[in-house]
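Below: the structure, in C-alpha cells.
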Number of protein chains: 2
Amino acid sequence: MSTKSSLLTLNSAMTQLMRAIRRVDDAQGLGRARLSALAVLHFGGSCSPSELAEQEMVSRATMHHVLTGLEADGLVVRQPDRSDGRRQLVSLTRRGRATIRKAHAARIAWFEELASGIDAAALATAARVLDDLRMRARQRLH
Amino acid sequence: MSTKSSLLTLNSAMTQLMRAIRRVDDAQGLGRARLSALAVLHFGGSCSPSELAEQEMVSRATMHHVLTGLEADGLVVRQPDRSDGRRQLVSLTRRGRATIRKAHAARIAWFEELASGIDAAALATAARVLDDLRMRARQRLH
DNA sequence: GGGATTAAGTTAGCAATGCTAACAGAATCG
DNA sequence: CGATTCTGTTAGCATTGCTAACTTAATCCC
C-alpha cells in the first residue's frame with residue numbers, strides 16, 4: 001500500500017471515528033469544548049486562559065466563553081497571577097477533576113470495547129505512528 | 001506496550017490531530033459541518049437528508065440547516081423523490097464537487113507533508129488498524 | 001377501504017461554539 | 001516617560017447542534 005493511499009484511509013477512518021466518539025462525549029452532558037478544556041487542564045496542569053486557547057487552537061475570546069461556563073458550573077477556578085497583573089491561572093476544582101476523569105474513562109472504555117480482538121502489536125504500531133504525527137503537527141505550528 | 005496504553009496514546013493523538021486538521025478545513029471558508037456533508041455526498045453519492053443525518057450522526061433538523069446553507073451557496077441541490085413523496089434526493093452541483101475536491105486535496109496535502117519520512121509499512125499498519133476500528137464502530141451502531 | 005401508526009422534512013426556539021473587532025489594564029521596550 | 005505589546009473582556013455575529021411540535025406522505029392492520 002502506497003503512503004498516499006494509507007493517508008487517504010487514515011484520514012477517512014479518523015474522521016469517522018471522531019464523529020462516533022462525539023456521541024460518547026455528548027453522553028457526559030457537558031459540551032465538547034468544555035470537556036476538552038478540562039482534559040487539557042487535567043493532563044497538562046493549571047495554566048492561563050491564553051495558553052489554554054493556544055492548546056485548543058481557538059481564539060482567546062472563545063476560550064473566555066468556555067471558561068466562564070466551566071466556572072459557573074464550579075468545574076474550574078480562575079485566580080489572579082501575582083507576578084503578572086494581566087494574567088490568570090485556571091485550575092480544576094475537585095468536581096472538575098472528577099468530571100474529566102469520568103469522561104476520559106468513558107472514552108477509553110468505548111475504545112477498549114471497540115478494539116477487543118485487534119492484534120496488540122498492530123495497535124501499538126498505530127498508536128506510535130499517530131503519536132509521531134501528533135508531535136510533528138505540534139512542531140509545524142511554530 | 002499494553003493494549004490499554006496503546007489506546008490511551010491513540011485517543012490523545014487522534015484528538016489533537018483532529019484539532020489541527022480543523023484549521024486546515026477552516027481555511028476553506030465553508031463551515032465544518034457543511035464541508036463534512038459535501039464529503040459524504042462526494043464519496044458516498046447522492047442520498048436523502050435523513051441518510052445524510054445518520055451518516056453524520058446528527059439530527060434531521062441539524063442536517064436540514066446544513067443543507068439549507070449549502071443549497072443557498074449553490075453547492076448542492078435537493079430534488080423530490082418521485083417514488084416517495086416524503087423523501088428528497090440531495091446531490092452535489094458542479095461547484096459543490098469542485099469545492100469538496102479542493103478541500104479534500106488540502107487535507108491530504110497536509111497529511112503528506114506531516115507524514116514525510118515516516119515508515120511506509122508502519123503507516124500502512126496504522127491505516128489498516130484505524131479502518132478496522134472505523135468499521136467496528138459503524139457496526140456497533142446497529 | 002379506512003383509521004392508526006410510522007417516516008420524512010420543516011419550523012421554532014434554545015444553547016454551545018467559534019470568529020473578528022474594539023477596548024481596558026498591565027507589562028515591557030526604547 | 002511614551003509607545004508598543006500582551007491579557008483578558010465584551011459585543012455582535014454566524015454556524016452547529018438539540019428537542020419539541022407540526023405537515024404531509026406512506027404503510028400497516030383490521
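Convention: sequence-line order gives letters A, B, ...; per-chain numbering from 1.
Nearest heavy-atom pair, A:L38 versus A:G96, reported as atom, atom and distance to 0.1 Å: CD1-O, 4.2 Å. Closest approach of A:R136 and B:L114 over heavy atoms only: NH1-O, 3.1 Å.
Protein atom CG of B:L52 is 16 Å distant from nucleotide atom C1' of C:dT10, rounded to whole Å. Atom CD in B:E51 sits about 14 Å away from atom P in C:dA7, given to the nearest Å. As a whole-Å value, the separation of A:H64 NE2 from D:dT7 C1' is 11 Å. Following rounding to the nearest Å, A:R34 (CZ) and D:dG17 (C1') show an atom-to-atom distance of 14 Å. D:dA25 atom P lies 16 Å from atom CZ of B:R82, rounded to whole Å. One can place CZ of B:R60 at 12 Å from C1' of D:dT23, the figure rounded to the nearest angstrom. Nucleotide D:dG17 holds its C1' atom 13 Å from the CD atom of B:E56, rounded to whole Å. Put simply, CE on A:M57 is 12 Å from P on C:dG18, counting in whole angstrom units.
Residue A:S50 places at least one side-chain N or O closer than 4.0 Å to OP1 or OP2 of D:dG8. Close to C:dT17, at under 4.0 Å from its OP1 or OP2, lies no side-chain N or O of B:R22. Residue A:S59 has no polar side-chain atom (N or O) positioned under 4.0 Å from OP1 or OP2 of C:dG18. For D:dT16, neither phosphate oxygen OP1 nor OP2 lies less than 4.0 angstrom from any side-chain nitrogen or oxygen of B:H65.
Residue A:D84 is the one, among B:T62 and A:D84, whose nearest nucleotide of DNA chain D lies closer to the 5' end (criterion: closest heavy atom). Residues B:P49 and A:S83 both approach DNA chain C. Their nearest nucleotides, taken by heavy-atom distance, put B:P49 toward the 5′ side.
Remark: the B:R86 side chain and the C:dG9 base include no donor-acceptor N/O pair separated by less than 3.5 Å.
A side chain to side chain donor-acceptor pair (under 3.5 Å) with A:Q28 holds for exactly one of A:H104, A:R107, A:K102; it is A:K102.
B:R87 comes within 4.0 angstrom of sugar-phosphate atoms only, judged by non-hydrogen atoms across all strands, and of no base. Counting non-hydrogen atoms under 4.0 angstrom, B:R23 reaches the backbone sugars and phosphates but no base.
Looking at B:S36 and A:R19, their side chains do bring a donor and an acceptor atom within 3.5 Å of each other. Side-chain polar atoms of B:R128 and A:T9 form no donor-acceptor pair below 3.5 angstrom.
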